[in-house]
Undergrad: 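The structure follows.
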Amino acid sequence: MKQHADFFFDDLKVFLVEDTLFKVPIKELVNESEYFNSMFEDGTPALDAEKGEEGATIDHPIVIGDESAEAFALMMRWIYRRHTTKDFTTGEWVICLRVAHKFGIPLLSQVAQDALRNKTLDPVEKVRFCFEYDLDLAWATDAVTSICYSWNQLPLLPETDTFPLKFRLQCLKIREALLKIRNVPRSFSAVCWCDGCGSWLSPSSRTSENANGLLKERERCIGNGCQNPTALYMMPPYERKESVTESVLLMFAAKPTMSV
């Protein structure tokens, strides 16, 4: 007799999360998770002289602290029964974002981001996810836009006080630009604001609304003697809120991380 290469599981381990036991093969965990890959990189968890190998029996499980059994079960479903995750709710995908970050599962993080991309999330919460779970701010462009348009909260929504200072300053700059162009005629395709020299440039053409146009406007700013043309960005007329998405992307394109 011989063992089947794929379907003979001898690597089952027992985990205790809150008051719930999980017994699963570790191969998939190690392949998907940086956390568990590190845990089992030496081949086995710690040995106890009396209880034996940790995780070998239900009497001596591997304890996963500071985690809920519900969240751990969602992660297990994604790893071992991925086809059943199609019915995950918005709240469950949010939990997946968190556990993906905690246990180092990049693919789960990306899948959760894709699933949540068009879901209705609180703007402040969505941006907070970016900072807490190391996500690209481009994923939350709509949320940043919404925060910048919160005119009734000055200087910004109080919930953003915990965000990095550089990020809040950038949002304030966007808002300042938006306030300055509230009366720009709708016939204007876009206007260009330069933080480097604090001046406005009217667009040379409709191509100014995209990245190539931005480069052209930057060249014009340099020609006017600007010493910091990298701070140049495009803003659409105030009434065209949907166009701010592109402006936010352009502003943060060169700033993938916004640490203090």
Side-chain angles (χ1 to χ4, degrees), residues 1-117 119 121 125-136 139-140 162-164 256-257 259-260:
M1 291 185 294
K2 63 179 181 180
Q3 299 176 1
H4 192 280
D6 297 318
F7 300 108
F8 189 91
F9 301 111
D10 60 356
D11 60 346
L12 296 176
K13 297 297 179 185
V14 180
F15 298 90
L16 176 63
V17 187
E18 292 187 312
D19 60 352
T20 304
L21 290 169
F22 297 80
K23 189 174 184 179
V24 296
I26 63 169
K27 181 178 179 181
E28 289 83 352
L29 277 178
V30 170
N31 289 340
E32 297 286 358
S33 166
E34 297 168 2
Y35 175 90
F36 289 105
N37 183 276
S38 176
M39 176 183 289
F40 294 100
E41 64 182 350
D42 295 327
T44 180
L47 291 173
D48 186 284
E50 296 182 359
K51 298 180 180 179
E53 179 184 323
E54 185 179 22
T57 68
I58 62 174
D59 296 320
H60 188 37
I62 299 171
V63 179
I64 304 296
D66 298 323
E67 190 54 80
S68 71
E70 176 192 10
F72 198 79
L74 289 174
M75 184 175 71
M76 293 297 100
R77 277 184 63 184
W78 185 82
I79 292 175
Y80 295 102
R81 298 180 179 176
R82 203 160 299 184
H83 65 282
T84 69
T85 62
K86 294 180 180 180
D87 62 347
F88 273 11
T89 65
T90 297
E92 287 172 332
W93 281 121
V94 168
I95 292 174
C96 286
L97 269 185
R98 180 181 62 77
V99 295
H101 175 70
K102 178 177 180 178
F103 294 103
I105 311 179
L107 182 57
L108 175 55
S109 177
Q110 188 57 60
V111 170
Q113 289 178 63
D114 292 340
L116 292 169
R117 194 174 302 278
K119 301 294 185 181
L121 299 174
E125 285 300 304
K126 191 170 185 179
V127 173
R128 180 174 288 115
F129 294 155
C130 290
F131 293 119
E132 290 185 358
Y133 308 145
D134 297 328
L135 309 180
D136 193 328
W139 177 71
T162 58
F163 291 169
T257 58
S259 58
V260 176

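Atoms considered below: every heavy atom in the structure, side chains included; atoms not considered: hydrogens, waters and symmetry mates.
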Undergrad: Mind running side chain to side chain contact (heavy atoms under 4.5 Å, CB included) on L116 and W139 for me, showing each step along the way?
TA: CA-CA 10 Å; L116 292 169; W139 177 71; 3.9 Å; yes

Undergrad: Can you name the closest pair of heavy atoms from E54 and P61 and give their distance?
TA: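 The pair with the smallest heavy-atom distance is CG-O, 3.7 Å.
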
Undergrad: Could you grab the distance from atom CG of L121 to atom CZ of F129, nearest 0.5 Å is fine?
TA: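 Separation between the atoms: 6.5 Å.
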
Undergrad: Mind listing the closest non-hydrogen atom pair of G55 and I62 along with its distance?
TA: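 The pair with the smallest heavy-atom distance is CA-CG1, 3.6 Å.
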
Undergrad: Go through it in stages, so that I can follow the logic: the residues are R117 and D114, the test is side chain to side chain contact (heavy atoms under 4.5 Å, CB included), and I'd like the CA-CA distance, side-chain angles, deciding distance and then a yes or no.
TA: CA-CA 5 Å; R117 194 174 302 278; D114 292 340; 3.0 Å; yes

Undergrad: Taking the side chain as every heavy atom from C-beta outward, state whether P106 and E34 have any pair of such atoms under 4.5 Å apart.
TA: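 Counting from C-beta outward, P106 and E34 do come under 4.5 Å.
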
Undergrad: In Å and rounded to the nearest 0.5 Å, what is the CG to CD1 distance from N31 to I26?
TA: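 Rounded to the nearest 0.5 Å, the CG-CD1 separation comes to 10.0 Å.
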
Undergrad: Check ring pair (Phe, Tyr, Trp, His ring centres under 6.0 Å) between Y35 and all other residues, then give those that pass, not counting sequence neighbours.
TA: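 Per chain and number, Y35 pairs via ring pair (Phe, Tyr, Trp, His ring centres under 6.0 Å) with F103.
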
Undergrad: Rounded at 0.5 Å granularity, tell me how far CE in M75 sits from CG in L29.
TA: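 One gets 6.5 Å once the value is rounded to the nearest 0.5 Å.
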
Undergrad: Within a reach of under 6.0 Å around CG of D87, are more than 12 heavy atoms found that belong to other residues, nucleotides or ligands?
TA: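 Yes, because the 6.0 Å sphere around CG of D87 holds more than 12 heavy atoms from other groups.
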
Undergrad: Nearest 0.5 angstrom please: I64 CD1 to T20 OG1, how far?
TA: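 Nearest 0.5 Å value for the CD1-OG1 distance: 13.0 Å.
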
Undergrad: Would E32 and L108 satisfy side chain to side chain contact (heavy atoms under 4.5 Å, CB included), going step by step from the backbone distance to the final call?
TA: CA-CA 9 Å; E32 297 286 358; L108 175 55; over 6 Å; no

Undergrad: Testing the 3.5 Å rule here: is there a donor-acceptor pair between the side chains of Q113 and S109?
TA: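 Present: a donor and an acceptor within the cut-off.
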
Undergrad: Return yes if a side-chain donor-acceptor contact under 3.5 Å exists between N37 and E41, otherwise no.
TA: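 No.
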
Undergrad: Taking atom CD of Q110 and atom CG of L107, what is their separation to the nearest 0.5 Å?
TA: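 With rounding to 0.5 Å, CD (Q110) is 8.0 Å from CG (L107).
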
Undergrad: Quick check: closest heavy atoms across W78 and T85, and the distance to 0.1 Å?
TA: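 So the minimum-distance heavy-atom pair works out to CA-CG2, 3.7 Å.
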
Undergrad: Answer yes or no: are there more than 12 heavy-atom neighbours, outside E70 itself, under 6.0 Å from its atom CD?
TA: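 Incorrect, the count does not exceed 12.
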
Undergrad: Could you report the tightest heavy-atom contact between R98 and A71, atom names first, then the distance?
TA: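 Of all heavy-atom pairs spanning R98 and A71, the closest is NH2-CB, 3.3 Å.
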
Undergrad: Supply the atom-to-atom distance E28 CD to I79 CD1, rounded to the nearest 0.5 angstrom.
TA: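 One gets 8.5 Å once the value is rounded to the nearest 0.5 Å.
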
Undergrad: Taking the ring centre of each residue, are Y80 and F22 less than 6.0 Å apart?
TA: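 When the ring centroids of Y80 and F22 are compared, they turn out to be at least 6.0 Å apart.
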
Undergrad: Give the minimum heavy-atom separation between L12 and P25, together with the two atoms involved.
TA: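 Nearest heavy atoms, L12 then P25: CD2-N, 3.3 Å.
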
Undergrad: Would you say the side chain of L135 lies within less than 4.5 Å of the side chain of L97, judging by non-hydrogen atoms?
TA: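 The answer is yes, as the side chains (C-beta and beyond) meet within the 4.5 Å cut-off.
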
Undergrad: May I ask you to decide if the ring planes of F36 and F15 are parallel, tilted or perpendicular, using 30° and 60° as cut-offs?
TA: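 Rings of F36 and F15: perpendicular, as their planes differ by over 60°.
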
Undergrad: Which heavy-atom pair separates V99 from E67 by the least distance, and what is that distance?
TA: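 So the minimum-distance heavy-atom pair works out to CG1-OE1, 3.9 Å.
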
Undergrad: For a side chain to side chain contact (heavy atoms under 4.5 Å, CB included) check, start with the C-alpha distance between K102 and D66, then their side-chain angles and the critical distance, and finish with the verdict.
TA: CA-CA 11 Å; K102 178 177 180 178; D66 298 323; 4.1 Å; yes

